[in-house]
Amino acid sequence: MENSNALDNPAILIEIKQVIEQARKQVKQTVNHAMVNAYWQIGRLIVEQEQQGATRAEYGKTQLALLSTQLTAQFGKGYSSRNLRNMRSFYLAFSKWQTVSAKLSWSHYSTLIRIENENARLWYMQEASQQNWSVRALERQIGTLYYERLLSSKEKQPVEQEAQQNTQVLAESAKDYLRDPYILDFLNLQDKSYQENDLEQGIINNLQQFLLELGKGFAFVERQKRIRFDDEDFYIDLVFYNFKLKCFLLLDLKIGKLKHQDIGQMDTYIRLYDDLHTSSDDNPTIGLVLCSEKSEAVVKYSVLSDQKQLFAAKYLAHLPSEEELRIELQKERARVQAQLLNQQGRGENDE
């Protein structure tokens, strides 16, 4: 006897569920955006009407506290003095409503308004919106100076000038999608005696967080990819694909100082992978040797110096302080500026 409770067309249930889930998602997004808009309007009223447009108001804490009490009595929680100050800061940070992304929640904007650099603030907002970052992900990227590290890896003008010139699109080449250093604190590699397979396994176990650290556009493809050449097997630690660059990324993990043979090995991997696994619509494969300690000599006197598809970067097993990261960035900027001066000097001599 047939089950009378069974649907004649089970697919309809799946489709209806999808419609409902999509509708709920749209409702939630609409409500979030309406709330963000309301808080922006409240901030505008506080700044323009109560403060006569001044960022530092004579309209002091007492008045905000009184306003908070009256709003809370009528509308409930969410209108504390602190929240009202955040709404004021929100308006001051995003004075043009057209620049506010509809995809982000109030919690996102409460995090973004703490960023003093306007270019960085707008960039983080755009990235959070495009990459669907959670609030926690946004906080982590800000804490690890993602914006500054990404900009500092570009061999162009200093960070400040570049940020002014281009806050919309930061990446134009393979190098611009990679960072140095990478922060792998989420792997919890407390034991200094960990091996390369521990590092690899940690990345697999925390793949979502690693993809976030790796950068935008990356998707995981394979682990320990075997490629065969002349009856010899080679194994690539991790393979990713970048949908924006339209190319594969081969990742080789190394503990200790970068060596010339590491670069030569990755160069071989890239050539083999291009021949064996890429299709006609893929761009050339890029390779990244991720090591715990870089060697400037290897970087300077190897194919890394003029290779556009082969890179090396350092990883940090523990999250350094903001000051330590800033020092690292200053060193990187000084190195890039020195390279630019050398290139200009060579150009003048050629003339």
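When reading the values below, keep in mind they use all heavy atoms of this one structure, side chains included, and skip hydrogens, waters and symmetry mates.
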Closest heavy-atom pair, R140 versus I183, reported as atoms and distance to 0.1 Å, is NH2-O, 3.1 Å
Please check if atom CD in E118 has more than 12 non-hydrogen atoms from other residues, nucleotides or ligands closer than 6.0 Å.
no
Under the criterion side-chain contact (heavy atoms from CB on, under 4.5 Å), which of V135, V36, L138 is the partner of S107?
V135
Tightest non-hydrogen contact, residues I286 and Q309, listed as CG2-NE2, 2.8 Å
Of all the heavy-atom pairs spanning Y146 and G215, show the shortest one and how long it is.
OH-CA, 3.7 Å
Are the side chains of I236 and Q224 in touch, meaning some heavy atoms are under 4.5 Å apart?
no
Any heavy-atom pair between the side chains of L187 and L199 that's under 4.5 Å?
yes
What are the two closest heavy atoms between S80 and S68, and how far apart are they?
CA-OG, 3.3 Å
Could you tell me if the side chain of Q141 sits less than 4.5 Å from the side chain of L212, heavy atoms only?
yes
Is any side-chain heavy atom of N37 closer than 4.5 Å to a side-chain heavy atom of Q41?
yes
Point-to-point distance, once rounded to the nearest 0.5 Å, from CG of N132 to CG of L104:
9.0 Å
Walk me through whether D274 and T285 qualify under side chain to side chain donor-acceptor pair (under 3.5 Å).
CA-CA 6 Å; D274 273 337; T285 299; 2.7 Å; yes
Interatomic distance, L112 atom CG to S89 atom OG [nearest 0.5 angstrom]
12.5 Å
Can you tell whether the side chains of D267 and R271 come within less than 4.0 Å, N to carboxylate O?
yes
Please say yes or no: joined through hydrophobic side-chain contacts below 4.5 Å, possibly via intermediate residues, are Y235 and L238 part of one cluster?
no
Under the salt bridge (Lys or Arg N to Asp or Glu O under 4.0 Å) rule, collect the residues that match up with R44, sequence neighbours excluded.
E48
Output every pair passing salt bridge (Lys or Arg N to Asp or Glu O under 4.0 Å) with a member in residues 245-260, not counting sequence neighbours, ordered by first then second residue.
D252-K254, K254-D262
Heavy-atom side-chain proximity of T111 to Y124 below 4.5 angstrom
no
So does L245 get a backbone contact from the side chain of N283, meaning a donor-acceptor N/O pair under 3.5 Å?
yes
If the test is ring-ring contact (aromatic ring centres under 6.0 Å, His included), which one of F90, W97, Y91 qualifies with F94?
F90
Work out which heavy atom in L258 is nearest to a heavy atom in A312; give both atom names and the distance.
CD2-CB, 3.7 Å
With no hydrogens and no angle check, is any side-chain donor or acceptor of N206 less than 3.5 Å from a backbone partner on Q209?
no
What distance do T144 atom OG1 and L184 atom CG have between them, rounded to the nearest 0.5 Å?
11.0 Å
Electrostatic pair K314-E293, nearest N-O below 4.0 angstrom:
no
Determine whether more than 12 heavy atoms belonging to other residues, nucleotides or ligands lie under 6.0 Å from atom CD of Q208.
no
For the backbone of K96 and the side chain of T99, can you confirm whether one donor and one acceptor N or O come within less than 3.5 Å of each other?
yes
For L250 and M266, work out which heavy atoms get closest and say how close.
O-CE, 3.5 Å
Looking at CG of L272 and NZ of K225, how far apart are the two atoms once the value is rounded to the nearest 0.5 Å?
12.0 Å
Side-chain touch L84/I42, heavy atoms, less than 4.5 angstrom
yes
Mind checking whether R228 and F234 have side chains closer than 4.5 Å, heavy atoms only?
no
Do Y147 and N119 have side-chain N/O donor and acceptor atoms under 3.5 Å apart?
no
Examine the side chains of N197 and Q201 and answer whether a donor and an acceptor come within less than 3.5 Å of each other.
no
Who pairs with R136 by salt bridge (Lys or Arg N to Asp or Glu O under 4.0 Å), at least two apart in sequence or on another chain?
none
R121 with E116: basic N within carboxylate O range, under 4.0 Å:
no
Hey, what's the ring geometry for H277 with Y273, parallel, tilted or perpendicular (30° and 60° as the breaks)?
tilted
Between F210 and F218, is any pair of side-chain heavy atoms under 4.5 Å apart?
no
To the nearest 0.5 Å, tell me how far C291 SG sits from Y315 OH.
8.0 Å
Taken to the nearest 0.5 Å, the spacing of E213 CD from I203 CD1 works out to 10.5 Å
Quick check: does any side chain N or O of N83 sit under 3.5 Å from a backbone N or O of G78, one acting as donor and the other as acceptor?
yes
